[in-house]
Asks: 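Sending over a structure as structure tokens; questions will come in a sec.
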Amino acid sequence: MLSIDILLNAIVTGILLGSVYASLALGLGITFGILHIPNIAHPTLVVAGAFFVYTLTQWGLDPIVAAVIGLVPFYLLGVVLYAFYSAVFERKGGANVLQSLTLFFGLSLVIEILLSLGFGSELKSVSVSYIGSSLKIGILTVPYRLLIPALLAPVTIAAVWLYLSRTSSGTAIRAVAHEERALSIAGLNPASVKRHAFGIATATAVIAGAALIMVGPIEPFAGRFQIGRVFAIVVLAGMGSIPGSLVIAIIIGIAEALVSSYLNPSWSPGVAFAILLLGLALRPQGLFGAAR
Amino acid sequence: FAQDKPIRVGASVSLTGPLASTKNGQIGYELWRDDVNAAGGLLDRKVELVIYDDQSSAANVPAIYSKLVDVDACDVLFSPYGANLSAPVMPFIKQRDLFMIGMFGLAGNDVAKHDKFFHSGPWGPNSGRDWARGFFDLAKAQGVKKIAIINADLEFSKNAAKGGAEVAKEYGMEVVFNQSYPPNTSDFSSMIRNINAGDPEAIFIASYPADSTAIIRGVKEIGISDKVKLFGGAMIGPQYGALLGSLGPELNGLVNSHTFVPEPTMQTPAIKSFFDRYTPIAVKQGVDPLGFYIPPFYYVAGQLAAAAITGSKSVDPAKMAAFLHANAVDTIAGKIAFNEIGDWKERRVLMVQLRGIKGNDLEQFRNPGHQVILDPPSLKTGDLAAPYNKARAS
Amino acid sequence: MKKNSLLFLAGVIIVLALGFLMPWLLRNPFYFFAGYVVLQYVTIATGWNILGGYAGYINFGAAGFFGAGVYLSAFLFTTFGLPLPLCILAAAIVGAILGVLMGYLTLRIQGVYFAIATLGLVVVLETIVHNISGLGGASGMAVYGPRPPAWSPGPSQYNFTVMVVIAVASVALARWVEISWIGRGLRAVRASEDAAECSGVPTLRLKLVACALSGAVLAAAGAPYPFYTSFVEPVTAFSLIIGLNAIAMPLIGGTRTWVGPVIGALLLASVQQIATVTISSELNILFVGAVLIAFVAFAPGGISDLFGRNKGRARP
Amino acid sequence: MTEPVLSLKGVEKRFGSFRALGPVDLDVGAGERLGIIGPNGSGKTTLINCITGVYRPDGGSVFFEGRDISHLQAHKRARMGIARSFQIPRPFTGMTVFENLLVPLDYCHIEGSKHDRASSVLASVGLSARVSDPSEKLTQLELRKLELARALVGNPKVLIADEAMAGLSEEEIDEVLAILFALNRSGVAVIMIEHIMHAVMRFSERVVCFETGRLIASGTSSEIAEHPLVQKVYFGE
Amino acid sequence: MNRLIIENLSAGYGAVSVLRKVSLELNESEMVALLGMNGNGKSTLLNCILGFVRASAGRIVLEWNGKNTDLTKLQPHEIVRLGLSIVPEGRRLVPNISVEDNLKLAGSNPLVRDRMKQNLAYCFETFPLLLERRRQIASTMSGGQQQLLAIARSLMTAPKIIIIDEPSVGLAPIVVRDVLNAITQLREKSNMTILMAEQSFFQAIDVSSRAYVLAHGSIQREFKRSDGEIAHDEIRRAMLGAH
Ligand SMILES: Nc1ncnc2c1ncn2[C@@H]1O[C@H](COP(=O)(O)OP(=O)(O)OP(=O)(O)O)[C@@H](O)[C@H]1O
Ligand SMILES: Nc1ncnc2c1ncn2[C@@H]1O[C@H](COP(=O)(O)OP(=O)(O)OP(=O)(O)O)[C@@H](O)[C@H]1O
Ligand SMILES: [Mg+2]
Ligand SMILES: [Mg+2]
């Protein structure tokens, strides 16, 4: 069974899956990695994004087009969520990790239930012409169902990363978590910078949602299964290293695919975390993070 | 009528959490309740349902059933959905000697062997091992020698796969590939490649809805050998409207287990009337509009309880149980007789082949001919189309 | 100080006495089923708080320790027929060992990384259980508990009493940690690790002690669970809900003293139990979500902060 | 000079490729009052971190009472008698002033009543009125005093005060100096790092000056004040 | 005349009142020192002007080019956009980004963004050390280096008024002199208006035209250079709260 085509195909599948994981983790990379808000509700927001995409595809739109349309409402949703978050914590001056976690946990319960009331708890999936066929290159068979979502990730990640590292509002976003007052001193409104960042993070959820629902069907509670993996990716990448998270996600994807192919798929959920624990033990600051 | 204390029937249903897609069963309970009450109740007493949400978690079950029994004073209990959620309640009913109808828990009473427990589902005796036997009977008839088995790492699928492997052995088939995969696996391409490498003639799959979709799509993407005669077996999902609708023609050729399909051998006025009333409610609640798999048997559970109560003229667990053990009961799913541990005496799990599906319209599934019954022979409405690749293309 | 300890001791004796007497006074078993869950969460919240509250290291992996306790005790009971108290003890020991291992692996890193690493523990343990057929794997394993001893009227009451004892022991342990030099060291670590180290506090060793104690309590909380449900399966033993409740409850009650987690667990677990059997619909979870949000919004320091100052602190 | 209590041999510390400190050789005599000056970024705080064990030096050894302590963790060094205050005060928040002092007492194996010891040290730095206040409530001066008190309470043999007087007024500086002098009289070696020149000059028996991580001059207060190199790099005259 | 007036300003933290009816004024291109001992409320006052601390009573009015604006109701970033700038206590740099990014960030608000290049060049010219280290991550610089960066940063918003909180804290004498020189130059060359809090007042009063002494939360005295040489003793007594 150790044939070269199985190995190659496993690696390619791993890369594609990893790339989808990176999509899921991108928003968390901003809220948790950069703003240090442990937004445990992010995977649920991704599921909400998937349902948004699902709804539009029912009217005959392509999922990617639907995701692009979703950017604006999800950006606004993020802005509203952050406004709520900051309103809750304003009087206290700031939230600690514990309180934020609890708040976002509560929020994710609420979103899950709203989704399940709105869409029912049945699995929903999208059917598009390219889903179900594959690209064949030599011995490689690459399903479009994975390929298309996997291509979304590098594009979005590159866009977000360029925005964060090359523009001044990107610098402001990177700065705000560390020293809010530095922004005020610069004549920038820290609250609106954070709202904006949260909006961007939430907007990425709709892209990730499109990727998720193209890969396979989803139901309102599907986000729970992703929480661990996306946090692992953000942390291993070194909190806030956006390109790093793509690399880590792909490493995890490949490892999972190899374990499935050669060992047994039932061991693969442990893989992301075995990598996480190992990574943290060897390089506590994350693979791409600067020493802190 | 009004003076008497109502008969209370208690159940927990997974309204939320991963098993929430089974909550359409509750409509079955409610239709039954409305029907009995419209017909004057049982023993001249009204029937009242007490239903709690177990959030798909076994941890909630003990307290819920104690509440149902000790606080709400229910006379009859329906179990939660499936074996994992039912397991916590088995010692409880055994120890308290209570009467319960089991809901879709495969082999749920095999350990406890409680004599007041009755399955509403058509698993039949030895269900842990035998319930998917139909698939292997078909395979044997096709002369299959090599079989591959894969299953989700969840209770139901695991039992199905384990039973399947035993039956395969019994029939002298070689299991060339046998692997389980974790829940929520979304890509099966490497597994399908590994299966192809083993060159099987039949593939038995025990999966849950999300993976069922991924497997069917994966097969389409990666391709599968023309030697494969049977594909499917114990896939949960292609019984539900959601998957039938989203996969549509991709399902053609699949041979899969089922509990009810609208084929001529099963269609009766009673069950037709059930679905006529079920569908509008389901549409309103946003649950599966077809509801073939689960809801009829929730109605059946009610009918079993009703028969036990009226037959024994009491709500005494021992008398009710004695009646069900002694008498076969007419239900919308046919006549049911029970063995000593509450299994149906006769296995009535269907193996159906999906055929002639065009487009994603759900209404076509209400017509015969799309879910052809291959097994059991008593209900058979057609012959297997094989190999899979050919059946798929048709 | 002295007076407080005497009061606490009196409280412990009263609660223990109630734990043994209640089953004879209150006939309805439902309260013992529900009460068991509430007490289980009191123990979980208390155990979590030893590391999370006192030392400020947030553990997402409470379910990992809990599940380890559940499976260990189920295994020991079904294969060796070990009596429940020994199962609990064994679970506590294994929990402590797991805690130390976890600590060694991740404690050198700062808080937030530690938190995420603990998330991993749950998944790794769950994967292992899934792949060991002796533990029933995904299908789970039925556990038919022992007959309760004569002094208890029934199994649900017996489980309840056992849980009372575990909860009281855990709270007493947490209180001792809090007022002793260990608690002081941990609070120093929480404020500034460097400053603590330069004051002679062996920070790593102290954190390992906290990990061990916390792990022991969390695992002990899981030990009677197989007998409560008569059945164990990985999904519920390693449930995300346990990990999140372990965090939410101390937060709602307050993390600085032992009282906080107790109050938080009593409150939130009761609300959850009541909601389950009253609001029987999706709205139940919606309600729990709303309660969490409301608490964070309106009582961010926890309930114990709402009532006056911290008690039980050394004053000259 | 008396027998050195603390002795550094070739101690060096790099951050990446940037050498922040060393190699440095330095002896501190028992009961000595040593002042350390140097421009910003010259490596003074880094030196302290190497002595106390917060950083592991990249080269060289640190000896305490003749014993090589380079491999010991910070808390072991603290228990041996090396105490420090932090440039930016780091009170143990969430604890009272009194409890702040109990921490070193708990862990440094001090004989006798902890209660009395803590009270007398708090009195000696003038924080008696604040004993049961939470440390979050202290003013800047009080925080500095608390830093000192916490360092003193464990009966150290060497006390390192990292800019304990920055931001204090003249009167407050006098107060802190008095505390340090009193401590020194009881036989404790005091290392004072400070930019407030007159305080350093008044206090120190010996002053050393750092520049870009190296020790460039050493001598009495007046020698240092006259030292041409020091004048150039530090006073800028 | 362009100026900043503070009238009867009171402020505090929760129940603690720190400032009581403080009044002072600052005229265009003037350098004023705010002297006071530790904990007397200098930083509180400066933070009030910038809106970081909310006043409980009183007014802060910016009268500039015929427009009067009450600052007490504005957010800090709005006040900065009116042309005020601060070098805060504790520096408040963004620790995880480079020196240059810290400066660029400060120069990125919409009002001054188009002059970013000139502003940056001006900062590097004034503080050559920063040019040398412009790629270094801010938190890894020494205390003194960070102080210089904080001052440079305040220039990036092209302010009319700079408010400086204890620039000499933790700086070596040589650097203090450089910093004060730089500040003086800012005033002389760029016609900047400066309010500087200090407690080591010797150097501060040398370069200031006026000085207020803040003690016990209110202004004890005002000294003017035009009144002749200011006696150190007198200042010291005022700072201690004696009249
Ligand atoms: N955030 C705060 N919360 C509560 N009290 C505060 C806060 N900041 C300052 N104070 C208190 O207000 C008073 C004035 O402090 P402020 O910092 O304004 O004084 P300062 O003159 O700038 O002193 P320093 O020389 O220490 O900078 C002090 O007693 C201080 O303890
Ligand atoms: N963690 C670190 N990473 C990188 N560089 C560092 C780090 N800590 C200090 N440095 C650098 O090492 C040099 C020495 O710093 P140190 O803090 O020891 O100076 P110092 O003499 O205490 O200065 P100050 O008087 O300003 O406090 C500085 O150039 C500083 O930028
Ligand atoms: Mg320093
Ligand atoms: Mg100040």
Side-chain angles (χ1 to χ4, degrees), chain C residues 1-2 49-50 52-57 104 107-108 110-111 176-210 250 254-258 260 301-302 304-305 308-316, chain D residues 48-49 51-55 73-86 88-110 114-116 118-120 122-123 128 130-136 146-147 150-151 153-156 160 162:
Chain C
M1 280 288 298
K2 271 271 157 50
N49 201 49
I50 292 178
Y54 301 160
Y57 275 79
Y104 251 116
L107 272 180
R108 288 165 300 131
Q110 291 298 307
W176 172 75
V177 167
E178 181 186 324
I179 60 177
S180 73
W181 52 279
I182 297 183
R184 212 146 36 225
L186 289 175
R187 288 201 295 278
V189 168
R190 173 160 136 158
S192 164
E193 221 145 292
D194 280 346
E197 186 74 17
C198 288
S199 300
V201 181
T203 52
L204 181 61
R205 202 179 321 149
L206 208 60
K207 285 186 287 180
L208 287 177
V209 168
T255 56
R256 289 195 178 272
T257 65
W258 61 272
S304 63
D305 256 28
R309 302 167 306 148
N310 300 333
K311 296 199 191 85
R313 285 298 164 73
R315 290 215 170 73
Chain D
I48 302 313
N49 284 334
I51 296 175
T52 54
V54 172
Y55 289 162
Q73 289 157 305
H75 66 269
K76 298 237 172 76
R77 303 189 198 192
R79 288 178 188 178
M80 294 173 79
I82 302 177
R84 72 174 290 184
S85 71
F86 283 87
I88 298 153
R90 297 186 188 178
F92 297 142
T93 48
M95 290 193 227
T96 62
V97 168
F98 188 75
E99 277 183 301
N100 261 270
L101 292 214
L102 285 184
V103 173
L105 286 173
D106 282 337
Y107 289 91
C108 287
H109 313 303
I110 299 302
K114 291 179 188 174
H115 185 279
D116 295 349
S119 304
S120 75
L122 283 175
S128 293
R130 295 292 238 162
V131 270
S132 50
D133 287 334
S135 50
E136 291 92 333
L146 177 60
E147 276 290 317
R150 206 174 59 197
V153 76
N155 260 336
I160 306 169
D162 193 358

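Proteins get letters first, then strands, A, B, ... in listed order; numbering begins at 1 in each. All figures in this text were calculated on a predicted structure; none of them were measured in a lab.
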Asks: Side chain, backbone, both or neither: which part of D:Pro156 has a heavy atom under 4.5 Å from chain C?
Replies: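 No part of D:Pro156 comes within 4.5 Å of chain C.
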Asks: Out of C:Pro202, C:Cys198, C:Ser180, return the one with the most heavy atom pairs under 4.5 angstrom to chain D.
Replies: C:Pro202
Asks: Considering only heavy atoms, which portion of C:Arg205 lies under 4.5 Å from any heavy atom of chain D: side chain, backbone, both, or neither?
Replies: side chain
Asks: Give, as side chain, backbone, both or neither, the part of D:Arg90 having an atom under 4.5 angstrom from any heavy atom of chain C.
Replies: both
Asks: Donor-acceptor check, side chain of C:Thr255 to backbone of C:Pro250, threshold 3.5 angstrom: yes or no?
Replies: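 Not a single qualifying donor-acceptor pair exists.
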Asks: Identify, with sequence neighbours excluded, every residue that meets side-chain hydrogen bond (donor to acceptor under 3.5 Å, both in side chains) alongside C:Tyr54.
Replies: C:Glu178
Asks: Who among C:Ala188, C:Ser192, C:Ala191 has the most heavy-atom pairs with chain D under 4.5 Å?
Replies: C:Ala188
Asks: Distance check, rounded to the nearest 0.5 Å: C:Arg190 atom CZ versus C:Lys207 atom NZ?
Replies: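 Result: 14.0 Å between the selected atoms.
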Asks: Could you pull out all residues at least two apart from D:Tyr107 that satisfy ring pair (Phe, Tyr, Trp, His ring centres under 6.0 Å)?
Replies: C:Trp181
Asks: How long is the gap from OG on D:Ser135 to CZ on D:Phe98, to the nearest 0.5 Å?
Replies: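 Here the rounded value is 14.0 Å.
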